[in-house]
Amino acid sequence: MIELLAKLGRASLGVFERLGRGHLFLLAVLGRLPGLALRPRLLLQQMWSVGVQSLLIIVVSGSFVGMVLGLQGYNTLVTFGAEESLGVVVAKSLLRELGPVIAALLFAGRAGSALTAEIGFMKATEQLSAMEMMAVDPLGRVVAPRFVAGLLSMPLLAAIFTAIGVLGGYFCGVGLLGVDEGAFWSQMQAKVTLVQDVVNGVVIKSLAFGLVVSWIAVFEGYDAVPTSEGVSAATTRTVVHSSLAILGLDFVLTGLMFN
Amino acid sequence: MKDPRLIEISVGAFVALGLAALLMLAMKVANLAEFSAPQGYEVRAYFDNIGGLQVRSPVKMGGVVVGRVTAISYDSERYQAKVTLRIERGYDHIPNDTAANIYTAGLLGEQYVGLEAGGEENYLRENSEITITQSAVVLEKAMQEFLYNKTAKSSGPKS
Amino acid sequence: MNTPAPASQPIVRIRDLHFRRGARAIFNGVNLEIPRGKVTAILGPSGTGKTTLLRLIGAQIAPTSGTVEVDGVNVQSLAVKPLYELRKRMGMLFQSGALLTDLTVFENVAFPLREHTDLPASLLRSLVLMKLEMVGLRGARDLYPRELSGGMARRAALARAIALDPSMILYDEPFSGQDPISMGILVRLIRELNDALGLTSVLVSHDVAETSSIADYLFILAGATIVGAGTPAELRESDSPIIRQFMGGLPDGPVPFHFPAPPLLDDLLDAGP
């Protein structure tokens with residue numbers, strides 16, 4: 001019994017320690033942002049590998065999610081004779097929830113894991129130490145550009161995902177199932193609001209997700225045990241923790257925004 | 001390292017695509033253009049019951065959208081719901097004795113304010129009040145009345 | 001700090017250094033002085049914290065107690081900026097080379113120059129090519145680290161370490177895992193760079209033969225402290241058993257073959273649950 005308590009205590013101390021280290025790390029990275037502003041090329045390079053490289057999976061998934069929403073929404077709505085509202089259903093569910101959440105989950109799997117693996121590998125092969133010894137700050141040179149690139153790419157990717165999704169829903173509903181085109185758009189436009197749905201949903205939510213995913217990814221990489229097992233464990237943790245964080249945070253944000 | 005020019009171009013295209021998507025969501029999906037610059041004029045109408053009417057519900061005349069509901073509040077002096085309607089610019093020849101009714105589009109559809117033009121020479125202006133109003137038909141009430149009438153009729157001849 | 005101290009003064013001075021990792025003492029009162037302009041080697045069996053010593057000199061980690069002075073300055077007392085200035089005058093060759101894997105050999109050598117200087121492209125190119133020429137890799141400049149052999153990677157890393165013309169280079173196990181030919185090349189390079197560029201070289205190693213062939217001065221590290229110091233010739237003549245064991249490569253002696261453990265019989269009788 002005592003042993004169990006001791007174990008529990010040790011485990012929670014470990015959790016607090018990591019939590020504290022993670023926050024201090026975030027502060028340290030934020031402190032490097034002014035320096036990054038002087039070197040936009042570093043950021044550009046990372047926007048490429050974090051954002052542009054994630055584009056394909058975002059576009060493909062977005063169109064499929066939109067089309068499925070179109071199909072399912074139609075099937076449900078047609079029983080009430082309300083299939084004209086398909087546009088509203090597709091747009092609202094994408095803008096408020098599915099767009100930012102699925103885009104963030106995909107982003108965590110595609111870009112977050114890559115960030116962790118990359119930084120962890122650099123640590124394991126002493127590249128970060130070597131930079132320190134060359135009087136180059138790895139937090140500023142390696143971590144900060146990746147963090148900011150993740151933070152900035154996320155809302156853009158979520159917007160692209162959502163827009164493609166709406167078009168996918170349009171294609172399915174109007175193109176295949178014969179919903180009236182005018183009703184599809186006009187009902188959508190009547191019910192969707194800029195601040196409530198577009199800004200709150202796509203912009204704010206995805207910025208929050210981008211912050212959390214990029215933070216977890218660069219921290220796990222930087223904090224990884226510098227061996228191959230350590231890096232692979234850190235990569236797994238990035239995907240698991242960011243996915244949980246996205247879903248949990250989504251619940252909280254939804255509660256705050258749409259009540 | 002990849003060709004830096006290629007990276008610059010693709011990142012530029014990526015950012016442009018993202019912003020375009022955001023713009024599309026704002027313009028095409030949320031119809032930002034419509035309420036970006038509030039134009040036209042606002043009128044008031046009091047209803048006993050507004051049913052499921054909401055802010056941004058359409059205001060129609062003869063089936064054509066001429067404006068939107070911009071605010072709904074409860075007037076505790078008149079014990080009525082106060083609905084503010086914004087009529088779009090261009091519809092400035094609506095007579096003063098126009099009637100406002102709350103209708104439902106279809107059996108379960110959204111509710112909207114329907115205006116029926118009167119015959120006066122004076123037209124509604126900013127802050128005018130529409131005095132002739134008819135409340136929303138509440139489905140439960142309608143059904144109650146329907147059932148009541150039905151039972152009254154069927155039991156009527158017997159008594 | 002910019003006025004170089006007189007040549008007689010040691011470049012690195014370590015006083016009463018203690019360092020522990022968890023419960024284990026890595027260093028227990030280490031004192032040593034590294035003379036300027038010489039090749040100094042710190043020899044010791046694996047796992048005695050030789051790499052840790054280099055990290056302490058570079059102030060990447062902090063000692064539990066004691067001081068590390070470089071050029072008469074306590075490195076632990078430095079703020080980030082002056083520490084980075086100090087590190088610019090210190091090159092370090094990591095055991096793995098630690099080349100940046102996403103950059104070519106050329107870009108790797110150019111990396112510290114690009115980070116710390118504003119040289120025009122043509123001058124930067126000539127500088128990098130000169131450094132690469134010194135290590136014989138001018139022809140390999142467009143290769144990526146993954147395309148290099150272990151020895152070549154170490155030489156490329158050496159070119160990078162001297163890119164900023166440091167006054168001291170720290171070598172971490174430069175000979176481990178090298179075939180005889182690249183070992184020979186590295187031995188010659190270390191000596192030549194030291195003499196041609198007027199550097200101070202500090203190398204930690206467990207290769208007694210190779211190291212004694214180039215070092216001017218040797219320290220032997222065992223049991224968390226310095227057990228012997230002197231020129232290679234002096235140490236070979238030493239009659240201290242631990243030095244004899246190490247210099248002669250004997251499997252057992254004062255440095256035990258066994259990792260500390262309870263007696264074997266106890267362990268065997270201690271039937272687990």
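Naming convention: chains lettered A, B, ... in sequence-line order (proteins, then strands); numbering from 1 in each chain. Side chains are part of it too, since the values below use all heavy atoms of this structure and drop only hydrogens, waters and symmetry mates.
- When the shell of 6.0 Å around OH of B:Tyr46 is examined, it contains more than 12 heavy atoms from other residues, nucleotides or ligands.
- Proximity to chain A among residues 13-22 of chain B is limited to B:Phe14, B:Val15, B:Leu17, B:Gly18, B:Leu19, B:Ala21, B:Leu22, judged by heavy-atom separations below 4.5 angstrom.
- Proximity of B:Met24 to A:Leu167: side-chain heavy atoms (C-beta onward) are separated by under 4.5 Å at one or more points.
- Heavy-atom contacts from other residues, nucleotides or ligands closer than 6.0 Å to CZ of A:Arg39 number more than 12.
- Neither the backbone nor the side chain of A:Val199 comes within less than 4.5 Å of any heavy atom in chain B.
- Heavy-atom distances place both the backbone and the side chain of A:Ser153 under 4.5 Å from chain B.
- Contacts between residues 52-59 of chain A and chain B, counted as heavy-atom pairs separated by less than 4.5 Å, involve A:Val52, A:Leu55.
- Of the two parts of A:Leu94, neither the backbone nor the side chain holds a non-hydrogen atom closer than 4.5 Å to a non-hydrogen atom of chain B.
- Contact record, B:Val11 with A:Leu44: CG2-O, 3.5 Å, taken as the closest heavy-atom pair.
- Shown here is B:Tyr123, whose OH atom has more than 12 heavy atoms of other residues, nucleotides or ligands within 6.0 Å.
- The local environment of OH in B:Tyr74 is crowded, with over 12 non-hydrogen atoms from other residues, nucleotides or ligands closer than 6.0 Å.
- The minimum heavy-atom distance linking B:Met27 with A:Gln189 is given by the pair O-NE2, 4.5 Å.
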